[in-house]
Amino acid sequence: MALIYLARHGEHDEVGHRLSGRSDIGLNARGRAQARSLVDLLDGCPIMAMHTSPRQRARETAAPLAKALGTPVAVEPALDEIDFGSFTGRSFAELDAATDWQRWNAQRDHARCPGGETMAEAVDRALAFLFSLGDGAVLCTTHCDVIRGVVTRLLGLPFSRMFMLDCEPGSVTTLSVEDGAVRLVGLNRRVRL
């Protein structure tokens, strides 16, 4: 059996204001506190390996737990943020007025980010990696839409329904995989700061 802990990176100054995408923004003070809280949240979990998105905010989120466990963290491109293409770096106020952004959010099952990837491409690469992990408990630090997309796909829902799932900064979503069957064990668990 495998236990996969999907941690969303901690908060940074652009959360809720700007689509950071694959930019390399680091955590703010609250995000660093959320990263430290993962040590308590996952205390007693038999984590054998750790993997992280290449983004700075994800690597910084994984670092306190890696230090506490004495476990190295492998950077894994399959856990990277969605390639949002030309949406990257734009404010949500600006994006909300853009018809291509509205189409992307309404048609995530089919739409492609201009100059970027589709939701299915991002989820396919993440799931291929997650299913390659084998048995044991593994922590993977990644991004909100990647986590919601993976869970949405595993629940058999269209990507347009992913917005019904919460995935807060510094939260953990847990999957178990046994004999090819995947079960959602926990969603959006976090320590309140």
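One-based numbering along the sequence shown.
- With values rounded to the nearest 0.5 angstrom, L175 atom CG is found 11.0 Å from Y5 atom OH.
- T141 places none of its side-chain heavy atoms less than 4.5 Å from the side chain of L38.
- Of all heavy-atom pairs between P114 and D100, the closest is CG-OD2, 3.6 Å.
- Salt-bridge formation is not detected for the pair R55/E81: no Lys NZ or Arg NE/NH1/NH2 atom is positioned less than 4.0 Å from an Asp or Glu carboxylate oxygen.
- Ring-plane geometry between W101 and F92 is classed as tilted, the angle between the planes lying from 30 to 60 degrees on a 0 to 90 degree scale.
- S91 contributes atom OG, which lies 8.0 Å from atom CG of D96 (distance to the nearest 0.5 angstrom).
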Go through it in stages, so that I can follow the logic: the residues are R161 and L155, the test is side-chain contact (heavy atoms from CB on, under 4.5 Å), and I'd like the CA-CA distance, side-chain angles, deciding distance and then a yes or no. CA-CA 10 Å; R161 301 291 302 277; L155 292 175; over 6 Å; no
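- Of all heavy-atom pairs between A106 and S160, the closest is O-CB, 4.2 Å.
- Between the side chain of D13 and the backbone N or O of N28, no donor-acceptor pair lies under 3.5 Å.
- Looking at heavy atoms from C-beta onward, L3 lies in side-chain contact with T174 at the 4.5 angstrom threshold.
- The backbone N or O of H51 lies less than 3.5 Å from no partner atom in the side chain of E76, so there is not a single donor-acceptor pair.
- V182 and V172 end up in different hydrophobic clusters when Ile, Leu, Val, Met, Phe, Trp and Tyr side chains are linked at under 4.5 Å.
- Shown here for P169 and E11, the closest heavy-atom pair between the two residues is CB-N, 3.6 Å.
- For the pair R125 and D80, the minimum side-chain heavy-atom distance is below 4.5 Å.
- Note: L6 CG to R189 CZ = 12.0 Å, rounded to the nearest 0.5 Å.
- Residue pairs meeting the salt bridge (charged side-chain N to carboxylate O under 4.0 Å, His left out) criterion with at least one member in residues 148-160, sequence neighbours excluded, are D124-R153, D145-R148.
- Linking Ile, Leu, Val, Met, Phe, Trp and Tyr residues whenever their side-chain heavy atoms come within less than 4.5 Å places F163 and V123 in a single cluster.
- Looking only at side-chain heavy atoms (C-beta outward), L184 and V151 come within less than 4.5 Å of each other.
- Under the 4.5 Å side-chain heavy-atom criterion for Ile, Leu, Val, Met, Phe, Trp and Tyr, F129 and I47 are members of distinct hydrophobic clusters.
- Summarising the geometry of V146 relative to A126, their closest heavy-atom pair is CG1-CB, 3.9 Å, with the distance given to 0.1 Å.
- Residues H12 and S20 share a closest heavy-atom pair of CE1-OG, 3.0 Å.
- Connection of L130 to L154 is established within a shared hydrophobic cluster, with ILVMFWY side chains joined at heavy-atom distances below 4.5 Å, either directly or through further cluster members.
- One finds the CE atom of M1 at 8.0 Å from the CZ atom of R183 (value rounded to the nearest 0.5 Å).
- A distance of 9.0 Å separates CG of L165 from CG of N188, quoted to the nearest 0.5 Å.
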side-chain contact (heavy atoms from CB on, under 4.5 Å) for L133 and M48? Distances and angles first, verdict last. CA-CA 11 Å; L133 291 173; M48 300 168 37; over 6 Å; no
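- Every residue two or more places apart in sequence or in another chain that forms a side-chain hydrogen bond (donor to acceptor under 3.5 Å, both in side chains) with R90 is listed here: E94.
- A donor-acceptor pair under 3.5 Å links the side-chain atoms of D83 to the main chain of G85, judged by distance alone.
- Aromatic ring pairs are classed by plane angle as parallel below 30°, tilted from 30° to 60° and perpendicular above 60°; the pair F87 and W104 is tilted.
- Using a 4.0 Å cut-off between charged side-chain N and carboxylate O, E117 and R22 make a salt bridge.
- Ion pairing of R112 with E121 is present here, as a side-chain N (NZ or NE/NH1/NH2) and a carboxylate O approach within less than 4.0 Å.
- I147 and L41 fall into different hydrophobic clusters, defined by Ile, Leu, Val, Met, Phe, Trp and Tyr side-chain heavy atoms under 4.5 Å apart, directly or through other members.
- In this structure, the side chain of S171 does not engage the main chain of R190 through any donor-acceptor pair within 3.5 Å.
- Within the 4.5 Å cutoff, the side chain of S23 has no heavy atoms near those of the R18 side chain.
- The side-chain heavy atoms of V150 and L127, taken from C-beta on, include a pair separated by under 4.5 Å.
- Taking T152 as the reference, nothing meets the side-chain hydrogen bond (donor to acceptor under 3.5 Å, both in side chains) condition, with sequence neighbours excluded.
- Counting heavy atoms from C-beta on, the side chains of M119 and I82 come closer than 4.5 Å.
- Looking at C140 and V138, their side chains come closer than 4.5 Å, going by heavy atoms from C-beta outward.
- One distance of note links OG1 of T61 with CZ of R36; it measures 11.0 Å at 0.5 Å rounding.
- Looking at every heavy atom in both residues, H143 comes nearest to S53 through NE2-OG, 2.8 Å.
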